[in-house]
Amino acid sequence: MQPLDRRSFVRFAAALAGTAALTEAAPASWLRPTVRPRFRRDPFLMGVASGDPDATSVVLWTRLVPEPFAPDGGMGKDSVRVTWELGEDELVRKVVQSGTTLATPELGHSVHVEVQNLQPDRHYWFRFRAGDAESPIGRTRTLPAADTMPKAARFAVTSCQNWEQGLFTAYTQMRNDDPDLVFHLGDYIYEYEAGRNGKVRTHHGKEIESLDDYRMRHAQYRSDPLLQAMHAECPWFVTWDDHEVDNNYANDVSEQKNVGKAAFLRRRAAGYQAYYEAMPLRLRSKPDGADMLLYRRASYGQLAELFVLDTRQYRSDQPNDDKRGPLRGEALAAEQTLLGAAQRRWLERGLGASRARWNVLAQQVMMACAATAKDQAGEPLYSMDQWPGYFAERQAVLRHCQQQKVANPIVLTGDIHSNWCNELRLDDRRSEQPVVATEYVATSLSSGGDGNDGEKQRNELMANNACVKFHNRQRGYLLCTVDAAQWRTDYVVMDRVEAPGGTASVRASFVVADGEPRVQTA
Ligand code: FE
Ligand code: CA
């Protein structure tokens with residue numbers, strides 16, 4: 001965990017906790033009296049959430065938004081006192097901790113409470129009050145103590161929830177599956193204008209670019225009752241991909257060639273801030289201008305070390321103008337990086353030091369080098385937005401796992417709106433090499449609409465790429481059931497998302513055993 005720099009701690013802890021003395025000039029709104037408003041509309045339209053748990057603490061989240069499509073959320077310029085209660089029972093009657101915090105207009109009237117001194121490996125329930133309004137009750141859970149080997153864990157993995165292209169029906173089944181944790185691996189929102197992909201329902205407004213735009217888009221997505229209910233069910237570890245800001249951006253480089261770096265960084269700052277405000281993240285992730293620290297780790301007892309990565313903010317620009325390309329030239333260049341130097345050092349150190357049974361990289365873009373087309377000369381072509389465009393770094397990370405004997409590396413991935421199960425080698429084109437890690441790619445929750453089983457693509461991909469063990473193009477999510485002996489992944493798919501009433505089924509299941517990264521059909 002990164003230590004907090006003291007100045008930002010003082011500045012922001014004061015804002016969030018509303019207690020400590022201010023040591024430097026405060027924004028004007030802090031000096032106005034706080035109000036205990038009577039709300040004409042429910043300010044808890046975005047519900048509640050929790051996230052980033054460890055064995056003794058967790059983040060409780062809400063954001064006051066009585067009017068989701070008003071630029072200020074209908075909250076005006078005043079700060080508002082919000083009280084919170086955390087209890088041991090589902091009605092929050094046996095309160096074990098409570099407090100008051102300040103929802104400020106500077107942070108979109110969001111609330112991030114980091115509750116400390118909790119018991120490991122147990123459920124808690126929480127709620128908020130503001131003025132005369134009371135939030136729904138959320139359930140959360142702490143992680144098992146660091147020195148214990150939990151009997152089992154259940155993780156759900158999701159990504160890519162385009163509002164216009166599909167309903168979030170899959171969250172109903174996910175809730176029934178009762179996971180301990182959810183990983184959201186990016187494309188939580190899409191930036192596009194209303195109607196671009198409208199099949200099922202419509203975005204509000206034009207393509208989002210300003211802080212107000214991003215705030216309203218997050219409010220619209222989080223108004224979905226199924227998404228909200230899943231957030232109220234268990235803690236989430238979230239990370240972003242590209243659409244939280246702009247399709248396929250790379251660090252400070254926009255997809256649009258005519259947008260300069262300074263202008264793009266202003267847009268990125270707006271997207272990052274709205275993301276922080278909308279998510280149950282710790283204070284360490286509070287944005288600083290156009291920068292935001294999102295990579296982090298957590299220990300699920302001795303069972304799993306969880307590394308949540310950020311492959312957008314620090315990456316070098318995609319080779320080959322971000323078009324599919326062969327594995328040569330710039331794609332192989334030593335300077336190409338997805339992680340950036342600091343995150344790479346942090347990850348390699350963390351992996352080297354981990355004593356966990358499973359080492360999980362929860363991240364955005366596919367690590368397997370799977371050719372998805374051939375050029376006219378018959379040379380295989382790879383996605384340059386994914387790890388193949390950053391081949392040297394990919395190889396270095398996998399070689400590090402091999403040399404440091406990192407136990408059971410498991411890569412969880414989103415982004416490409418299809419299910420994949422992959423075996424990763426230093427060079428995936430060379431099937432004689434040993435398998436180093438296993439990759440499970442979660443399909444989209446809704447992006448792309450109903451989709452299909454994709455039998456033809458599956459057969460082609462598996463015939464052309466020894467690393468690919470499964471592929472499917474329906475919507476859904478992954479359910480991972482983990483114990484000390486094996487990691488099982490169920491590919492949950494929906495028969496439809498473009499109309500209500502879709503039903504879920506398990507399309508395929510794969511298992512890796514402790515010490516054996518090759519996948520077996522379950
Ligand atoms: Fe997506
Ligand atoms: Ca994406």
Side-chain angles (χ1 to χ4, degrees), residues 157-168 170-171 182-193 196-201 203 207-208 214 217-218 220-221 224 227 238-251 253-256 264 267-268 271-272 275 278-279 294-295 308-315 317-318 322-324 338-339 361-368 370 372 382-390 411-420 439-451 454 471-478 493-494 497-498:
V157 184
T158 180
S159 72
C160 293
Q161 46 191 30
N162 189 307
W163 175 267
E164 296 199 327
Q165 293 180 324
L167 301 172
F168 298 171
Y171 282 126
V182 173
F183 292 95
H184 197 293
L185 302 180
D187 294 357
Y188 191 98
I189 57 166
Y190 283 75
E191 78 277 24
Y192 299 125
E193 74 279 11
R196 153 100 61 134
N197 312 113
K199 281 182 184 169
V200 172
R201 44 189 179 171
H203 279 150
E207 175 155 338
I208 53 177
Y214 283 106
R217 188 59 57 88
H218 275 287
Q220 181 174 27
Y221 273 61
D224 184 284
L227 174 59
V238 298
T239 187
W240 54 39
D241 192 28
D242 50 339
H243 289 286
E244 284 82 357
V245 179
D246 181 30
N247 181 48
N248 281 20
Y249 79 95
N251 189 340
V253 181
S254 163
E255 189 194 26
Q256 285 92 32
F264 182 69
R267 182 177 182 182
R268 190 177 101 171
Y272 283 11
Y275 185 81
M279 297 296 157
L294 196 57
Y295 64 84
V308 182
L309 307 187
D310 172 0
T311 62
R312 279 292 154 194
Q313 187 173 185
Y314 314 104
R315 66 157 74 192
D317 200 10
Q318 295 92 345
D322 201 10
K323 290 192 275 293
R324 269 194 294 221
L338 262 185
L339 300 173
L361 306 190
Q363 54 100 52
Q364 297 75 18
V365 290
M366 194 157 83
M367 203 174 239
T372 50
Y382 300 84
S383 165
M384 292 291 114
D385 186 57
Q386 299 167 13
W387 283 89
Y390 305 80
V411 181
L412 302 176
T413 303
D415 177 50
I416 46 172
H417 310 177
S418 44
N419 285 306
W420 302 65
E439 179 175 44
Y440 297 111
V441 182
T443 188
S444 56
L445 191 94
S446 65
S447 303
D450 286 346
H471 176 76
N472 159 281
R473 303 167 80 85
Q474 285 169 288
R475 308 290 79 89
Y477 60 91
L478 305 181
V493 299
M494 305 300 298
V497 296
E498 292 176 22

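Atoms within each ligand, like the ligands themselves, are counted from 1 in listed order.
For the pair Arg196 and Tyr192, the cation-pi test (distance below 6.0 Å, angle within 45°) is passed. Both tests hold for Arg201 against Trp163: distance to the six-membered ring centre under 6.0 Å, angle to the ring axis within 45°.
His243 lies apart from the Fe ion (ligand 1) in this respect, since none of its N, O or S atoms is found at a distance under 2.8 Å. Distance check for Asn162 against the Fe ion (ligand 1): none of its N/O/S atoms falls below 2.8 Å. With 3.0 Å as the limit, Asp241 counts as an N, O or S neighbour of the Ca ion (ligand 2).
Checked for salt-bridge contact, Asp385 and Arg312 meet the test: a charged N lies under 4.0 Å from a carboxylate O.
Using modelled atom types and a 3.5 Å distance limit, the side chains of Ser444 and Arg475 yield a donor-acceptor pair. Between the side chains of Gln364 and Thr239, at least one donor N or O sits under 3.5 Å from an acceptor N or O.
If you look at Asp187 and ask which of its N, O or S atoms sits nearest the Ca ion (ligand 2), the answer is OD2. When you scan the N, O or S atoms of Asp187 for the one nearest the Fe ion (ligand 1), you land on OD2.
To the nearest 10 degrees, the angle centred on the Ca ion (ligand 2) between OD1 in Asp415 and OD1 in Asp242 reads 140°. Taking the Fe ion (ligand 1) as the corner point, the angle from Cys160 atom SG to Tyr190 atom OH is about 100° (rounded to 10 degrees).
Here the straight-line distance linking atom CG of Asp246 with atom CD of Glu255 works out to 5.5 Å at 0.5 Å rounding.
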